[in-house]
Amino acid sequence: MIYLDYSATTPINYEVLDTYNRTSKDFFGNPNSLHELGIKTKNLMNSATKQIAEILNVHETEITYTSGATNSNNIALIGIAMSHHKKGKHIITSKLEHPSIYAICDYLESIGFEISYVKNDKEGLIDFEDLKSLIRPDTILVSICSVNSETGVRQPLKMIRQIIKKENADTVLHSDMTQGIGKVAVNLHDVDLATFTAHKIYGPKGIGILYKNNNINIAPILYGSGKSNMLNPGTPAVPLIVSLSKALRLATIDLEKRERFIERLNLKIVDALTKYEGVMINKTKYSIPHILNISLRNIKAETFLHALEEYEVYVSSNTACASGNLSTSVLAIYNDKVRASSTLRISLSHLTTTDEVNKFISYFDEVYRKLSGLHG
Ligand code: PLP
């Protein structure tokens with residue numbers, strides 16, 4: 001198998017899986033229980049939280065465990081809308097977000113919030129002037145991802161924050177950092193709220209994080225008992241939490257070295273695919289190398305994806321969550337419906353080998369020739 005879909009999800013790291021198994025076996029107590037096993041489990045959970053906070057350079061009380069990025073995005077966006085609606089009902093997001101952000105914004109719009117979509121330039125960067133002009137006294141929230149899941153375009157969140165806070169110091173900045181964390185260095189202090197999920201960083205599925213700066217008030221959208229994790233109450237999933245802390249630690253080492261290696265693989269693929277007349281490379285100078293998007297002229301991306309599957313090569317068309325639709329991100333960057341109608345995402349990892357990339361290039365060639373009617 002040649003797995004080139006690491007941005008959809010990653011295989012769990014065996015050390016993380018081992019942590020999960022051991023914690024499930026030896027620390028199965030409820031951390032809310034008062035007996036020894038409960039306390040032992042709670043202590044383990046607290047030390048995992050401490051480690052996560054240290055890695056992210058935030059305070060332990062700023063971390064909420066969720067079931068994943070979609071869950072975190074809901075708690076963040078709806079929570080801010082509910083807590084800030086008396087100040088205003090205006091929310092800004094970009095055209096380069098994950099579908100879960102659009103689904104939440106559509107819901108908020110249906111209950112009376114106003115959503116504006118900030119423009120981006122031809123490199124996929126948020127248009128600062130447009131952002132500035134959109135911010136109003138009643139703008140309560142801006143949500144902009146750190147890295148776009150389809151094209152890998154990375155946003156300068158620090159500058160975005162400066163623009164927002166200068167126009168309206170009360171506007172909250174949320175960032176979906178799901179495709180950033182574990183791939184590139186991110187700074188949670190650039191934002192007020194941040195979202196990510198363990199299954200994109202070689203951790204287990206079913207656990208994510210919402211970072212919330214302690215100075216930000218947010219209304220809970222879920223209610224329950226307990227004294228911790230109040231934005232997402234219920235019995236804490238300790239084995240998942242401990243695994244997440246391990247996955248985060250392992251995913252954030254050697255980031256630059258890994259990025260340089262992935263960049264070489266990315267360039268090798270770009271170099272090989274540019275020679276096809278029917279292939280367009282959707283890469284801008286702000287795309288991180290882990291995510292490589294291409295458009296196919298005259299071949300349906302899904303047909304291509306399934307043809308590659310015959311060689312046990314796995315890639316994505318659009319995002320895994322939105323397959324079959326126009327690529328909103330490619331459309332936002334290139335303003336070309338044809339280009340956005342048939343896109344493939346090849347996503348790379350430090351686990352990808354040069355041999356896999358060479359084989360991918362050769363299988364790609366075979367599939368391309370077959371599907372575009374070229375032979376020989
Ligand atoms: N946000 C981004 C940027 C993503 O890439 C994804 C997954 O594709 C999600 C959110 C959804 O994450 P989860 O599956 O943890 O809900």
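Note that the coordinates shown come from a computational prediction; the quantities given were computed from them, not determined experimentally. Start at 1 with the first residue, then count along the sequence.
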Atom CZ of F113 and atom CD1 of I78: how far apart are they, to the nearest 0.5 Å? 9.5 Å
Is it true that T195 and H174 share a donor-acceptor pair across their side chains at a distance under 3.5 Å? yes
I253 CD1: over 12 foreign heavy atoms closer than 6.0 Å: yes
Is a side-chain N or O of S72 found less than 3.5 angstrom from the main chain of I209, in a donor-acceptor match? yes
Between K370 and E366, is the closest basic N to carboxylate O distance under 4.0 Å? no
Does this structure show an ion pair linking D192 with K165, if we count only N-O contacts that are shorter than 4.0 Å? yes
Check whether any side-chain heavy atom of T197 lies under 4.5 Å from a side-chain heavy atom of I207, and answer yes or no. no
Compare every heavy atom of D365 with every heavy atom of Y276, then report the nearest pair and how far apart it is. OH-OD1, 2.5 Å
Whether S342 side chain and I299 backbone form a donor-acceptor pair below 3.5 Å: yes
Please report the shortest heavy-atom distance between S143 and I101, naming the atom on each side. OG-CD1, 3.8 Å
Please indicate whether D254 has more than 12 foreign heavy atoms, meaning atoms of other residues, nucleotides or ligands, lying under 6.0 Å from its CG. yes
Heavy atoms, side chains only, cut-off 4.5 Å: are L292 and L4 in contact? no
Check whether any side-chain N or O of T10 sits under 3.5 Å from a backbone N or O of H199 as a donor-acceptor pair, and report yes or no. yes
Give the C-alpha distance, both sets of side-chain angles, the deciding distance and a yes or no for side-chain contact (heavy atoms from CB on, under 4.5 Å) between V242 and V238. CA-CA 6 Å; V242 179; V238 179; 3.9 Å; yes
Spacing of K119 atom NZ and D130 atom CG [to the nearest 0.5 Å]: 4.5 Å
Can you find a side-chain donor-acceptor pair between Y202 and S349 that sits under 3.5 Å? yes
For E15, does its backbone N or O pair with a side-chain atom of T19 as donor and acceptor, under 3.5 Å? yes
Answer yes if the side chains of T61 and N214 hold a donor-acceptor pair under 3.5 Å, and no otherwise. yes
First locate atom CD1 of I241, then atom CD1 of I52, and finally report the distance between them rounded to the nearest 0.5 Å. 7.5 Å
Check the orientation of Y368 and F364. Use parallel for under 30°, tilted for 30 to 60°, and perpendicular for over 60°. parallel
To the nearest 0.5 angstrom, please state how far the CG atom of L193 sits from the CD atom of E62. 10.0 Å
Hey, are the side chains of K268 and N358 touching, using non-hydrogen atoms and a 4.5 Å cut-off? yes
Cation-pi, F27 ring and K40 (6.0 angstrom, 45 degrees): yes
Would one find more than 12 heavy atoms of other residues, nucleotides or ligands at under 6.0 Å from atom CG of N335? no
Close side-chain approach of L240 and L244, heavy atoms under 4.5 Å: no
Write down the atom of V186, the atom of G180, and the distance for their closest heavy-atom approach. CG1-C, 4.0 Å
N/O donor-acceptor pair under 3.5 Å between D121 side chain and L125 backbone: yes
Flag yes if more than 12 heavy atoms outside Y223 fall under 6.0 Å of its OH atom; otherwise flag no. yes
For the backbone of H290 and the side chain of E263, can you confirm whether one donor and one acceptor N or O come within less than 3.5 Å of each other? no
For K283, look at atom NZ and say whether over 12 heavy atoms of other residues, nucleotides or ligands are found less than 6.0 Å away. yes
Carefully, step by step, assess L331 and K337 under the rule side-chain contact (heavy atoms from CB on, under 4.5 Å). CA-CA 6 Å; L331 189 62; K337 276 197 178 151; 3.8 Å; yes
Side chains of K246 and N13, donor plus acceptor under 3.5 Å: no
To the nearest 0.5 Å, atom CG of L134 lies from atom OG1 of T171 at 11.5 Å
Decide yes or no on side-chain hydrogen bond (donor to acceptor under 3.5 Å, both in side chains) for T139 and H90, but give the supporting numbers first. CA-CA 4 Å; T139 306; H90 182 229; 2.8 Å; yes
Nearest-0.5 Å distance, CG of residue L222 to CE of residue M230: 10.5 Å
Regarding R154 and the six-membered ring of Y286, is the cationic atom NZ or CZ under 6.0 Å from the ring centre and inside 45° of its axis? no
Walk me through whether K158 and Q162 qualify under side-chain hydrogen bond (donor to acceptor under 3.5 Å, both in side chains). CA-CA 6 Å; K158 198 185 176 81; Q162 279 166 4; over 6 Å; no
Exercise: identify the closest heavy-atom pair between I221 and G79: CG2-N, 3.9 Å
Begin from the C-alpha positions of D138 and K87 and carry the test side-chain contact (heavy atoms from CB on, under 4.5 Å) through to its verdict. CA-CA 6 Å; D138 64 336; K87 288 189 192 158; over 6 Å; no
Are I63 and V58 packed together at the side-chain level, in the sense that at least one heavy-atom pair is separated by less than 4.5 angstrom? yes
Closest non-hydrogen contact found for T93 with I115 is CG2-CG2, 4.2 Å
Go through the side-chain N and O atoms of D176 and T178 and say whether any donor and acceptor fall under 3.5 Å apart. yes
What I want to find out is whether R136 reaches E114 closely enough, with some N-O distance under 4.0 Å, to be called a salt bridge. yes
Just by modelled atom types, is the P137 backbone N or O under 3.5 Å from a matching donor or acceptor in the N168 side chain? yes
With a 4.5 Å cut-off on side-chain heavy atoms, are V142 and I144 touching? yes
Could you tell me whether the side chain of T9 reaches within less than 4.5 Å of the side chain of K205, counting heavy atoms only? yes
Determine, for D5 against R345, whether the closest basic-nitrogen to carboxylate-oxygen distance falls under 4.0 angstrom. yes
Trace of the side-chain contact (heavy atoms from CB on, under 4.5 Å) decision for V184 with E259: CA-CA 8 Å; V184 289; E259 188 176 348; 3.8 Å; yes
Indicate whether any N or O donor in one side chain lies under 3.5 Å from an N or O acceptor in the other, for S7 and Q179. yes
Please confirm whether the backbone N or O of A8 pairs with a side-chain atom of K200, one donor and one acceptor, at under 3.5 Å? yes
Can E60 and T49 be counted as having a side-chain donor-acceptor contact under 3.5 angstrom? no
Just wondering, more than 12 heavy atoms not from N217 lying within 6.0 Å of its CG? no
Side chains of T64 and N232: do they bring a donor and an acceptor to under 3.5 Å? no
S67 side chain to G206 backbone, donor-acceptor under 3.5 Å: no
Expected output: side-chain N282 to main-chain T151 donor-acceptor under 3.5 Å: no
Taking the side chain as everything from C-beta on, heavy atoms only, tell me whether L141 gets closer than 4.5 Å to H84. no
